[in-house]
**Student:** 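Supplied in structure tokens, the structure appears directly below.
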Amino acid sequence: MPSIVSIEQVRKTYATGLTALHAVDLRIEEGEILALLGPNGAGKTTLISMTCGISSITSGRITVGGHDVARDFRAARRMIGLVPQELTIEIFEKVIDTVRFTRGLFGMPPDEDYIRRLLTRLSLWEKRDARIRELSGGMKRRVLIAKALAHQPRVLFLDEPTAGVDVDLRRDMWEMIDELRGDGTTVVLTTHYIEEAEAIADRIGVINRGRILLVEEKETLMRRMGRKQLTIELAEPLGAVPAELASYNLELGDEGRELVYAYDKAAERTGIASLLAGLTAAGIRISDLRTAQDTLEDIFVHLVRAEDREAEPEAADPEARAAEQAEVYP
Amino acid sequence: MNWRAILAIYRHEIARTLRSITQSIVSPVISTALYFVVFGAAIGGRIQEVEGIPYGAFIVPGLIMMTVLTQSVSNASFGIYFPRFTGTVYEYLSAPISYLEIVTGFVGAAATKSLVIGLIIFATAHLFVDLPVKHPVWMIGFLVLTCLSFSLLGFIIGIWAANFEQLQVVPLLVITPLVFLGGSFYSISMLPGIWRTVALFNPVVYLVSGFRWAFFGFSDVNPALSLVAVLAFMGICLTITWWIFRTGYRLRT
Ligand SMILES: Nc1ncnc2c1ncn2[C@@H]1O[C@H](COP(=O)(O)OP(=O)(O)OP(=O)(O)O)[C@@H](O)[C@H]1O
Ligand SMILES: [Mg+2]
């Protein structure tokens, strides 16, 4: 089956001369939930804007449902719903009017029954006659979602749907996305929150500095990239890692009271047994053992950091990096 | 053609007007009534008539044109600038609609609004003066063409403007002087020699003159020339609009 969205060798250079995307390839399959994960300025919004017709495509080709978004824009755009990153909505309008308006804009005949069901599902039916400025931020975002779904699109782009949304509403949003998948709608969402991608996505794409670093099934990703850590608590603190155990790349922690061993769970030989034997042979007494697994967040940080280091090695200043990280994960 | 989209934009714009009905309709009517009082009564007391027409009646076509012109420009420019300013323009850009449909919706709505205002002023004028209309079809024709072409101009300004100042500056610095010097309150033949020639470079002169001809059957310039001028102006605006959408100027990043 052909992909519902296909992005081939797409490049974007803005009028300012800044290249926001470098020859990106991405295929989105019908019915899946794809999360695009990336730090600020990675190019997530740019990619979505080009697919939806808001930004021009510098070079390359994007098709939606087989329709070229530039040449066959009507057919392509009819299939797409977009919830923008910013809360851009006309605040003097009534909720139901703005939803009807979008439906009309997409050339669909009026369908009051559908709109009632849509608003009910988004818990907006009670508020249908309220002016948008009277709504809370979370409700406004739901109105934007209602607008994006007003013409029954097959692909829904959600650009940071849960930014500035409280925990309850975030869960609601996740449930709603799951329901949409139940209807067969393809959902592409961008997010800074790793736990969000982890919670709802089928596949995860990591994007940084205008390049897609990887796109994988969530489970595969976690399995493949999932490094495990074995922490060995020592009965007596050590001053240094014994020379005969150097091949394990151990790290000494907690002022010498811990040895940390990183291994790959999926590998045939984890090296745990031989390490423990080696410790015993060296006369080191163990008081406890504990293991921990990388979360998606660790994987993500790893990928992006590795790429950033490659991109500008001179910027390897740890303090700047910490500040950067703090920004990405508030 | 995505007619539903055109209708949606049109209705959306009209609804926006109706939400601020006072500001949209009442204020131009009041300001026109003031012109009547000032120009019609005060000056009309001194200038009895122009080319056989009582001065009060003589200025009506010019007054209507003046209001319709400025209203068209401001309605249409605000109509498209507002979504650009708030960011809701993303919806128009991501909808399955062509530039022609966007323009038809926005310009159609802006032109409708100024047409209605023009007609209201026309009706109001009857309260003050006796107002014959010699060629009613041409009168409506000129009015509609003016509404459309200046709404197009407004649309272009609304897309070009980078901030609210620019949105105001063109109407203030370009449209208003052209309108005041466009023969709304006098006949070009009343101007001294050289200025009569200069006036002929003002497109508004042709509009007012053609419109006045539809009322009274005489004009400063040949009404056919007026018609050609209006159509040419509209053609220029259409070309610019087409270019805007083809290149995505100020719309698509
Ligand atoms: N209209 C524009 N003109 C010029 N540069 C732009 C424009 N829009 C975005 N950029 C630049 O393109 C790069 C990618 O921006 P983009 O908005 O796509 O990032 P993002 O991944 O969505 O980030 P965020 O998570 O902050 O929303 C950034 O460097 C940004 O400054
Ligand atoms: Mg973004």
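As a basis for the values below, the full set of heavy atoms in this structure was taken, side chains included, without hydrogen atoms, waters or symmetry mates. Note that the structure is a prediction, hence the values are computed from the model and not measured.
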**Student:** Are B/Leu93 and A/Ile54 side-chain neighbours, meaning at least one heavy-atom pair lies under 4.5 Å?
**Tutor:** yes

**Student:** Do the side chain of A/Arg77 and the main chain of B/Ser94 share a donor and acceptor less than 3.5 angstrom apart?
**Tutor:** no

**Student:** Are more than 12 heavy atoms, taken from residues, nucleotides or ligands other than A/Trp125, located less than 6.0 Å from that residue's CH2 atom?
**Tutor:** yes

**Student:** What is the distance from atom CG of A/Leu105 to atom CG of B/Asn2, rounded to the nearest 0.5 Å?
**Tutor:** 7.5 Å

**Student:** To the nearest 0.5 Å, tell me how far B/Thr88 OG1 sits from A/Leu144 CG.
**Tutor:** 10.5 Å

**Student:** Run the numbers on A/Glu86 and B/Tyr90 for side-chain contact (heavy atoms from CB on, under 4.5 Å), then give the verdict.
**Tutor:** CA-CA 11 Å; A/Glu86 316 285 343; B/Tyr90 85 87; over 6 Å; no

**Student:** Could you look at A/Ile80 and say if it's the side chain, the backbone, both or neither that has a heavy atom under 4.5 Å from chain B?
**Tutor:** neither

**Student:** Using non-hydrogen atoms and a 4.5 Å limit, figure out which bit of B/Arg11 sits close to chain A: side chain, backbone, both or neither.
**Tutor:** neither

**Student:** If I take atom CZ from residue A/Phe106 and atom CD1 from residue B/Ile97, how far apart are they, to the nearest 0.5 angstrom?
**Tutor:** 8.0 Å

**Student:** Run A/Arg103 and B/Arg4 through side-chain contact (heavy atoms from CB on, under 4.5 Å) and show every step you take.
**Tutor:** CA-CA 9 Å; A/Arg103 190 173 168 90; B/Arg4 287 206 186 88; over 6 Å; no

**Student:** Hydrogens and angles aside, do B/Glu91 and A/Thr102 bring a side-chain donor and acceptor to less than 3.5 Å of each other?
**Tutor:** yes

**Student:** Are the side chains of B/Ser20 and A/Phe92 in touch, meaning some heavy atoms are under 4.5 Å apart?
**Tutor:** no

**Student:** Would you say A/Phe73 has more than 12 foreign heavy atoms packed within less than 6.0 Å of its CZ?
**Tutor:** yes

**Student:** Pick one of side chain, backbone, both or neither for A/Ile57, based on which atoms fall under 4.5 Å of a heavy atom in chain B.
**Tutor:** neither

**Student:** State the CD-NE2 distance between A/Glu90 and B/His12, to the nearest 0.5 angstrom.
**Tutor:** 4.0 Å

**Student:** Do you know which of B/Gly87, B/Ala8, B/Pro96 has the most heavy-atom pairs with chain A at a distance under 4.5 angstrom?
**Tutor:** B/Pro96

**Student:** Could you look at A/Tyr14 and say if it's the side chain, the backbone, both or neither that has a heavy atom under 4.5 Å from chain B?
**Tutor:** side chain

**Student:** Relative to chain A, which segment of B/Leu7 carries a heavy atom at a distance below 4.5 Å: side chain, backbone, both, or neither?
**Tutor:** neither

**Student:** Would you mind checking which part of A/Met50 comes under 4.5 Å of any heavy atom in chain B, side chain (CB onward), backbone (N, CA, C, O), both or neither?
**Tutor:** neither

